[in-house]
Structures are given as structure tokens and as C-alpha cells.
4 protein chains.
Amino acid sequence: MKKNKPKYKQIIDAAVEVIAENGYHASQVSKIAKKAGVADGTIYLYFQNKEDILVSVFQEKMGQFIERIKDDIAKKSNANEKLYSLIEMHFRQLAVDHHLAVVTQLELRQSKKDLRLQINEVLKGYIAIIDEILHEGVEEGLYHSELNITLVRQMIFGTLDEVVTNWVMKEEKYDLIAQASDVHYFITNGIKK
Amino acid sequence: MKKNKPKYKQIIDAAVEVIAENGYHASQVSKIAKKAGVADGTIYLYFQNKEDILVSVFQEKMGQFIERIKDDIAKKSNANEKLYSLIEMHFRQLAVDHHLAVVTQLELRQSKKDLRLQINEVLKGYIAIIDEILHEGVEEGLYHSELNITLVRQMIFGTLDEVVTNWVMKEEKYDLIAQASDVHYFITNGIKK
Amino acid sequence: MKKNKPKYKQIIDAAVEVIAENGYHASQVSKIAKKAGVADGTIYLYFQNKEDILVSVFQEKMGQFIERIKDDIAKKSNANEKLYSLIEMHFRQLAVDHHLAVVTQLELRQSKKDLRLQINEVLKGYIAIIDEILHEGVEEGLYHSELNITLVRQMIFGTLDEVVTNWVMKEEKYDLIAQASDVHYFITNGIKK
Amino acid sequence: MKKNKPKYKQIIDAAVEVIAENGYHASQVSKIAKKAGVADGTIYLYFQNKEDILVSVFQEKMGQFIERIKDDIAKKSNANEKLYSLIEMHFRQLAVDHHLAVVTQLELRQSKKDLRLQINEVLKGYIAIIDEILHEGVEEGLYHSELNITLVRQMIFGTLDEVVTNWVMKEEKYDLIAQASDVHYFITNGIKK
DNA sequence: AATGAATGAGCATTCATTCAT
DNA sequence: GATGAATGAATGCTCATTCAT
């Protein structure tokens with residue numbers, strides 16, 4: 001399995017760094033290879049082409065991202081606590097990994113449509129978690145029984161994504177994680193008095 | 001003023017069409033020129049460079065977009081009605097202009113970071129409207145007095161943006177405008193029972 | 001019509017020179033552009049791709065080659081004289097144009113199969129001339145009435161081609177044109193006493 | 001002697017197959033190695049480089065080719081019968097080995113000039129046989145005493161080569177061996193009545 | 001002897017922009 | 001103002017060959 005070989009991970013990590021530092025369009029394969037400490041050709045022993053590197057970056061990193069949220073949620077006893085946990089972990093994981101935040105919020109969005117479609121596939125796993133929490137919340141009687149789950153899920157995801165993107169574009173000058181409780185309050189209670 | 005000359009508008013409209021039909025990366029200047037019925041070189045009499053065309057597309061189209069929302073809001077008597085109006089108009093305007101929806105939600109996001117920064121400048125006008133409504137709502141005693149306006153504005157924008165993007169990616173198969181009331185309800189009341 | 005513009009011919013001629021001097025595989029587009037005194041990109045205003053340059057080289061040069069033979073043959077009064085004329089002109093034209101001889105006999109043979117197929121299309125015009133002479137000779141009672149024309153044409157072409165190739169590979173150290181009469185004698189009378 | 005080891009022959013045979021099936025340019029060393037059932041590196045224990053494989057293919061196969069013709073000729077009692085035998089065997093051997101025909105007539109011609117020079121070395125053995133027959137024929141009083149042997153040999157070889165190439169390019173749809181007697185007649189008697 | 005992972009040089013093509021007419 | 005021919009920088013990928021095991 002190539003994914004467990006050390007060079008695979010070296011290249012993935014190099015790609016994140018190179019993209020974060022140089023931007024998506026200035027991230028040549030040769031630059032990634034150099035940062036990873038391998039020859040250009042070696043890249044192609046582990047990845048089909050440049051796009052495959054980028055998709056794999058997202059898969060690997062988001063895979064961990066989602067996994068950690070799942071683990072954290074598993075410890076919570078009700079939907080509302082799980083939702084808070086998801087928000088907090090979402091923010092925390094991007095707050096502690098500057099490179100990853102820049103890459104996911106800004107750089108990878110510049111990719112071509114078909115790469116973005118593959119990225120969306122990866123995000124389905126995340127979407128599923130949100131859906132599950134919402135269903136659970138309805139069953140537990142915490143959330144409205146007639147909740148339009150598909151729509152609410154989009155709103156939650158859009159909210160989290162925009163908040164993180166803003167924070168990255170403001171050069172991460174304030175405490176992202178500290179926003180978690182306000183965001184959670186807003187999602188559950190809305191803005192009405 | 002170049003902006004009032006007919007060729008300026010021809011080029012802007014050609015750009016929207018070309019991008020919507022061919023995608024961002026396949027939208028060469030020569031293609032836009034051809035669609036606009038002018039020579040390649042003529043483009044550069046009206047725009048500094050390719051990026052300037054795209055920024056101008058956004059400015060022109062979003063300028064109208066925002067203006068129409070402003071007009072509609074002016075008729076409403078309280079913040080909550082204005083918020084509903086904003087959501088409904090946001091959805092409505094993109095729902096009726098397929099090309100514009102594809103260009104703003106999908107294609108223009110593939111642009112380089114500095115173009116996106118310029119796009120954000122344009123969006124500040126929209127942000128200001130949301131802020132104003134929120135302030136008004138607080139003053140009217142409709143919204144929480146200690147509302148974190150900066151954060152809530154991001155959440156509202158993120159929500160609207162994600163809902164529209166999803167609709168575009170689902171090939172606009174359902175009624176976007178019909179989502180407005182659910183979205184408004186969620187924003188004001190949250191998901192809690 | 002692009003074929004009549006001066007740059008078209010410049011590029012064709014540059015290509016012949018570059019291929020003759022550097023060999024087929026070392027003939028980069030940039031080298032041809034430089035020799036032609038145009039920018040790399042200009043090549044692509046006149047040719048679809050690299051292969052198109054090479055096919056066009058053959059078409060242009062062989063077009064002239066065949067045309068001159070036709071003109072010369074037209075002056076002759078019987079098939080046998082025409083055949084001699086064809087042999088002599090075939091040798092003469094390659095003997096006076098060293099670059100062309102190297103390119104047609106050695107370099108262009110290294111091309112991919114599909115380029116060679118296109119080259120064969122061009123050669124059909126030459127084949128047709130040989131066929132015509134043979135038919136005429138039969139009608140005139142000069143050649144065997146039951147002549148297997150398809151086969152004989154292959155033999156004539158193979159003979160001429162091999163004789164020229166040998167001459168090029170022997171670095172053109174002897175007089176190719178002087179071979180014409182022996183070759184003609186052999187083709188008409190064979191080797192038997 | 002490496003040439004007698006089993007892997008040497010395995011690699012040679014794999015090369016012929018791979019080239020015949022995939023074409024010259026798509027015949028990577030790794031593909032030949034795989035077909036031969038050895039590792040890529042093993043190739044280089046038996047051959048100096050890729051070109052050396054191809055030269056060796058030609059040497060081995062043409063060695064047999066020439067040997068069989070020699071054997072057949074030895075049984076004949078005069079030059080003219082020997083010439084017929086050479087033509088017939090030339091056609092027969094390529095007619096029965098489709099792979100070899102494709103490789104020698106089409107694929108190996110795409111090789112670089114210096115490989116073609118080495119191939120010519122191998123062909124000298126064949127040339128020598130033709131020369132010998134011609135000399136014999138002159139001595140026997142069958143052929144013209146003042147025969148330009150160097151030239152005639154080129155013509156014979158060119159004729160045979162072109163006839164076979166045509167047959168291969170016409171996808172071997174007709175009987176090549178059946179052409180032998182017409183070719184022999186043409187070479188000895190020419191086309192004149 | 002045999003392996004196969006690693007190497008790294010080499011090149012066709014696109015397209016935003018210019019400027020002579 | 002308008003044209004459009006010409007420019008030239010910039011880069012992902014292949015594959016013959018090596019060499020540590």
C-alpha cells in the first residue's frame with residue numbers, strides 16, 4: 001500500500017507547505033518534489049498526476065479532520081453538546097494548523113471544477129456527521145421536529161466555513177476558537193430576542 | 001467616462017456569458033473579444049488587463065444586485081422584514097439569472113487570491129447592508145442587545161452563500177426562492193425547540 | 001491563405017534546415033522558430049502542431065518535386081523517355097538539395113507511424129505518375145502487355161529510393177545523377193544477358 | 001557467453017513481441033522486461049542499453065534470416081536459380097512471421113540514425129550474398145559482363161524491401177510469396193518487350 | 001545474479017498583452 | 001479609436017538507466 005510508505009506522507013506534507021507558502025498557482029510539481037526531498041519523477045510513483053496530489057492532500061487531511069471530530073463527538077451525551085463539539089473542533093483544528101487553514105480556505109478553492117467535485121466527495125463524510133447530529137437532536141426532542149435537515153446542514157456548514165475564511169483573510173489576528181460558543185448559540189437560538 | 005460607452009457593457013456582458021458557458025479557465029480574452037464583437041486589442045482600451053474585466057464584471061453585476069436589495073429593503077418597516085427581504089432578493093436575483101449564479105458561485109472562485117481580494121471589496125457594500133439591518137434590529141429591540149454583529153453577519157452571509165452554491169451545484173433542480181422563509185426562520189430562531 | 005504568407009515559407013524552410021542539421025529527434029519547435037526568425041508562438045499561427053510542420057514540409061517540397069518531374073515528362077514523346085526523365089529528375093532534385101535529401105531519405109523516416117501515413121498520401125501523387133508512364137508504355141507497345149503494374153511500380157520506387165538512400169549514407173561522395181542511365185537500363189532490360 | 005543464456009533469448013523474443021504489438025515508440029524497457037518475466041534492471045545485465053536490445057533483435061533474427069537463405073541457395077546450381085531462391089525465401093520468411101515483418105519493415109525504421117547504421121552493418125551479410133550471386137551470374141555468362149554490381153545490388157534490395165513494405169502496409173491482404181516469380185522476372189528481364 | 005525504487009533531463013504548447021498600421 | 005498579428009515565458013510528465021539491497 002503506497003499510502004503507508006514514508007515518501008507518500010512526505011509528499012503530501014510538502015504539498016501543503018508549498019501551497020500555503022506560494023499559493024495554488026505557483027505550486028509547481030518540481031517545487032513540491034524539492035520540498036519533499038525527492039526527485040520530480042518520484043512524485044509519479046506515488047501519484048497519478050498533479051491533481052491527484054491535491055485531491056490526496058485534501059483526503060488525507062480532511063480524513064484526519066473528520067476522524068478527530070468523530071472521536072470527540074462520541075464522548076458527548078446529547079446532540080447539542082455534539083454540535084458544540086463539532087464547531088469547536090472545526091475551529092480548533094484549523095486554528096492550530098495555519099498551513100492547512102490557508103490551503104483549505106483559500107488556495108484549494110482556486111482549483112478547477114473537477115478537482116472541486118472530488119473535494120466535495122470528501123466533504124460528504126463531514127456532511128453526514130452534521131446530518132446525524134441533527135437527526136439525533138430531533139429524536140431527543142432538542143430540535144424542532146419538522147427541521148429541514150438538508151437546508152440546516154447547509155447553513156451550518158456555510159456558517160462555519162465563512163467564519164473560518166474570514167479569520168484566515170484577517171490574517172488570523174483574533175482568537176477563532178473563542179468564537180465557537182457564540183456560533184453555537186446563534187445556530188441553536190438564532191438572533192431573535 | 002468609459003463605463004458608459006456601449007463597448008464597455010458589451011464586453012462585460014460577453015465576459016459573463018463566456019465564463020458561464022466555458023468555465024473560468026477556458027475563458028480567454030480572445031473568446032470574450034469575439035463574443036463582444038470587438039478585436040482583442042480593443043479590450044485593452046476599456047480594461048487594464050484580464051483581471052480588470054473580471055473585477056468589473058463583479059462590480060457591475062453586484063452593484064445592481066446590491067442596489068435592488070437596497071431599494072426593496074427601503075420599503076420595509078422593521079429589521080426583521082428587511083432581513084427577510086434581503087434573503088428573498090438574494091435568492092431571487094440569482095435564481096432568475098443562471099449565468100450570473102454560475103459565475104459568482106462557481107467560476108469566479110477559481111480566480112487568483114488578489115482578484116478575490118478585490119471581489120471582497122465589492123462585497124463590503126453588501127456586508128454593510130447586513131450590518132445596518134442587524135443594528136436596526138437591536139435598536140428596535142427585535143434582536144439580542146449584545147449581538148456580536150461582526151460574527152452574525154459572517155454567519156448570515158456564509159449561510160446564504162452556501163445555500164445558493166448548493167443549489168447551483170445540484171443543477172438548480174429545486175426552487176431556491178422557496179427556501180427563503182426557512183432560512184429566515186433559522187437565522188432568527190435557530191434550530192432549538 | 002496562410003500558405004502564401006512569407007512566414008509560412010520561412011518556417012518550412014527553417015524546418016528543413018534544422019532537421020537536416022540536427023536530426024529529427026533534436027529538432028525542437030523552438031529551434032525551428034529561432035532559425036525562421038520568429039517567436040515560438042508564431043509557429044502556431046501557421047501550423048496546428050509540430051507534426052503539422054513536418055507534414056507540411058513534405059507536402060510543400062514533394063509537391064514541387066512532383067510538379068517539376070511532371071513538367072519535364074510532358075516534354076518527352078514516349079514512355080521510355082519519360083521513365084528516363086523521371087529517374088534523372090528524381091536523382092537530380094535530391095542531388096542539388098542536400099538538406100532535402102537528408103530529410104526525406106533519413107530523418108523523416110524516424111517519424112511516428114501516423115506521420116508516415118500522411119507522407120504516403122503525398123507520395124500517391126508520385127506513384128500515379130509512375131503508373132501512368134507504365135500504362136503508356138504498354139499502350140505504345142514498349143513494355144510487356146501483361147505488365148503487373150502495381151508490382152512494377154513498387155519495384156521502380158523501391159529501386160530509386162534505395163539508390164538515393166545509399167548515396168546519402170555514403171555521404172554523397174559520388175555522382176548520383178550519373179547513375180540514372182544504368183538504373184534506367186536495368187529497369188527496362190534487367191540483368192540478363 | 002551471455003547470448004546462450006536463456007534470459008538473453010527471452011528478452012529478445014519479448015522485444016519483438018512488444019514492438020510488434022505496441023509500436024516502436026510505446027515499447028518501453030519496462031514493458032519488454034515485464035513480457036520477458038524479468039526485472040527492469042536485469043535487462044542491463046544482458047544488454048548495454050535499449051538500443052543494444054534492438055540491434056540484437058535485428059542481429060539474431062536477421063542472422064537466422066540470412067542463414068536460411070544461404071542454406072537454400074547452396075542447393076541451387078546456377079546464379080539465376082539462386083537469385084530466385086533468395087527472392088522467394090526473403091518473402092517467405094517475412095510472410096510466415098507477422099511480428100518480424102512489422103518490426104523490420106515499419107517499427108525499427110523509426111529508430112535513431114545511429115541505430116539504423118548498426119542495422120546496416122547487419123545487412124552487409126545479406127548484401128554480400130546478393131553480390132556473390134551477381135558475380136557468379138556474370139562468371140556463368142548469365143548476366144551482363146559489365147554489370148554495375150554495387151548499383152544492381154541496391155536495386156534488388158530496394159525492390160525486395162519496397163515490395164515487402166507495401167505488403168505489410170496493405171495489412172498483408174494478398175499473397176506475398178506469389179509475387180516472387182514476377183519480381184524475379186522483372187529483375188532479370190526488365191520491363192521492355 | 002537479480003531486483004525495482006529512485007532519478008532528473010528534456011520540450012510542445014497556450015494565451016495575456018503589445019504596438020505598428 | 002480600432003485592429004489582430006506577433007510575442008515569449010512558463011511547466012507537467014515520461015522513461016532509460018542506476019545502484020543499494
Side-chain angles (χ1 to χ4, degrees), chain A residues 2 5-8 10-11 25-34 36-54, chain B residues 2 5-7 25-34 36-54, chain C residues 2 5-8 10-11 25-34 36-54, chain D residues 2 5-7 11 25-34 36-54 112:
Chain A
K2 293 205 162 166
K5 296 203 178 172
K7 293 206 171 154
Y8 179 86
Q10 274 172 48
I11 294 166
H25 284 106
S27 295
Q28 297 86 347
V29 171
S30 61
K31 227 177 238 171
I32 296 172
K34 197 170 184 182
V38 301
D40 291 18
T42 305
I43 297 272
Y44 294 88
L45 296 176
Y46 295 90
F47 301 90
Q48 312 231 353
N49 49 40
K50 187 180 177 179
E51 190 171 304
D52 189 28
I53 308 174
L54 303 175
Chain B
K2 293 201 162 170
K5 298 207 175 172
K7 289 199 177 164
H25 283 105
S27 295
Q28 296 85 349
V29 170
S30 61
K31 224 178 241 169
I32 295 172
K34 196 171 184 183
V38 301
D40 293 15
T42 305
I43 297 272
Y44 291 87
L45 298 174
Y46 295 88
F47 300 90
Q48 313 220 355
N49 49 39
K50 185 181 179 179
E51 193 171 299
D52 189 28
I53 309 174
L54 303 176
Chain C
K2 293 204 162 166
K5 296 202 177 173
K7 293 207 172 155
Y8 179 86
Q10 274 173 47
I11 294 166
H25 284 106
S27 295
Q28 298 86 346
V29 170
S30 61
K31 226 177 239 170
I32 295 172
K34 197 171 184 181
V38 300
D40 291 17
T42 305
I43 298 271
Y44 293 87
L45 297 176
Y46 295 90
F47 300 90
Q48 314 230 352
N49 49 39
K50 186 179 176 179
E51 190 170 305
D52 189 29
I53 308 175
L54 304 175
Chain D
K2 293 200 162 168
K5 299 209 176 171
K7 289 199 176 162
I11 294 167
H25 282 106
S27 295
Q28 296 85 349
V29 171
S30 61
K31 224 178 240 171
I32 295 172
K34 195 170 184 183
V38 301
D40 292 16
T42 306
I43 297 271
Y44 292 87
L45 298 174
Y46 293 89
F47 301 90
Q48 312 219 357
N49 48 39
K50 185 180 179 179
E51 193 171 301
D52 190 27
I53 308 174
L54 303 175
K112 287 182 280 185

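Reminder, nothing fancy here: chain letters follow the sequence lines and each chain counts from 1. All values derive from a computational prediction rather than experimental measurement. All heavy atoms count here, side chains included; hydrogens, waters and symmetry mates do not.
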Would you indicate which nucleotide in E/dA12, E/dA1, F/dT14 comes nearest to any side-chain atom of D/L45?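 Output: E/dA1.
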Please name the pair of heavy atoms, one in C/I11 and one in C/F47, separated by the smallest distance, quoted to 0.1 Å.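 Closest pair (atom of C/I11, atom of C/F47, distance): CG2-CE1, 3.4 Å.
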For [X] and [N], what is the distance between atoms [atom1] and [atom2] respectively, to the nearest whole Å?
X	N	atom1	atom2	answer
B/I53	E/dT17	CD1	P	8 Å
A/H25	E/dC15	NE2	P	13 Å
A/N49	F/dT14	CG	C1'	13 Å
C/I11	F/dA5	CD1	C1'	12 Å
B/L54	E/dC15	CG	C1'	14 Å
A/Y44	F/dC13	OH	C1'	5 Å
D/I32	F/dT17	CD1	C1'	14 Å
A/Q28	E/dC11	CD	P	20 Å

Base-pairing mate for [N] - Watson-Crick or G-U, with both contacts under 3.5 Å:
N	answer
E/dA1	none
F/dG12	E/dC11
E/dT21	F/dA2

If the cut-off is 4.0 Å, is A/T42 near the phosphate of E/dT7, judged by side-chain N/O to OP1 or OP2?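 Yes, such a contact exists.
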Would you say E/dA1 has OP1 or OP2 under 4.0 Å from some side-chain N or O of D/K5?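 Looking at the OP1 and OP2 atoms of E/dA1, one of them is under 4.0 Å from a side-chain N or O of D/K5.
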Assign D/K7 to base, sugar-phosphate, or nothing according to its heavy-atom contacts below 4.0 angstrom with the strands shown.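 Answer is sugar-phosphate: D/K7 comes under 4.0 Å of backbone atoms only.
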Looking across every strand, which nucleic acid part, if any, lies under 4.0 Å from A/V29 by heavy atom: base, sugar-phosphate, or nothing?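 Touches sugar-phosphate only.
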For DNA chain E, whose closest nucleotide is more 5', that of D/I43 or that of A/Y46?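 In this pair, the answer is D/I43.
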Start at the 5' end of DNA chain F and walk down; is the nucleotide closest to A/S27 or to D/D40 reached first?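 Between the two, 5'-proximity favours A/S27.
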Need to verify one output field. Residue with the more 5' nearest nucleotide on DNA chain F, C/A39 or D/G41?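 Of the two residues, C/A39 wins.
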With the side chain counted from C-beta on, respond yes when D/K31 and D/S27 share a heavy-atom pair under 4.5 Å apart, and no when they do not.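 A side-chain contact under 4.5 Å is absent here.
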Is any side-chain heavy atom of A/I32 less than 4.5 Å from a side-chain heavy atom of A/V29?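 Side-chain contact under 4.5 Å: no.
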Can you list the residues that meet the ring pair (Phe, Tyr, Trp, His ring centres under 6.0 Å) rule with C/Y46, with sequence neighbours excluded?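 C/Y46: no ring pair (Phe, Tyr, Trp, His ring centres under 6.0 Å) contacts found.
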Verify the neighbour count for atom CD of A/Q48: are there more than 12 heavy atoms of other residues, nucleotides or ligands below 6.0 Å?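 No, because the 6.0 Å sphere around CD of A/Q48 holds 12 heavy atoms or fewer from other groups.
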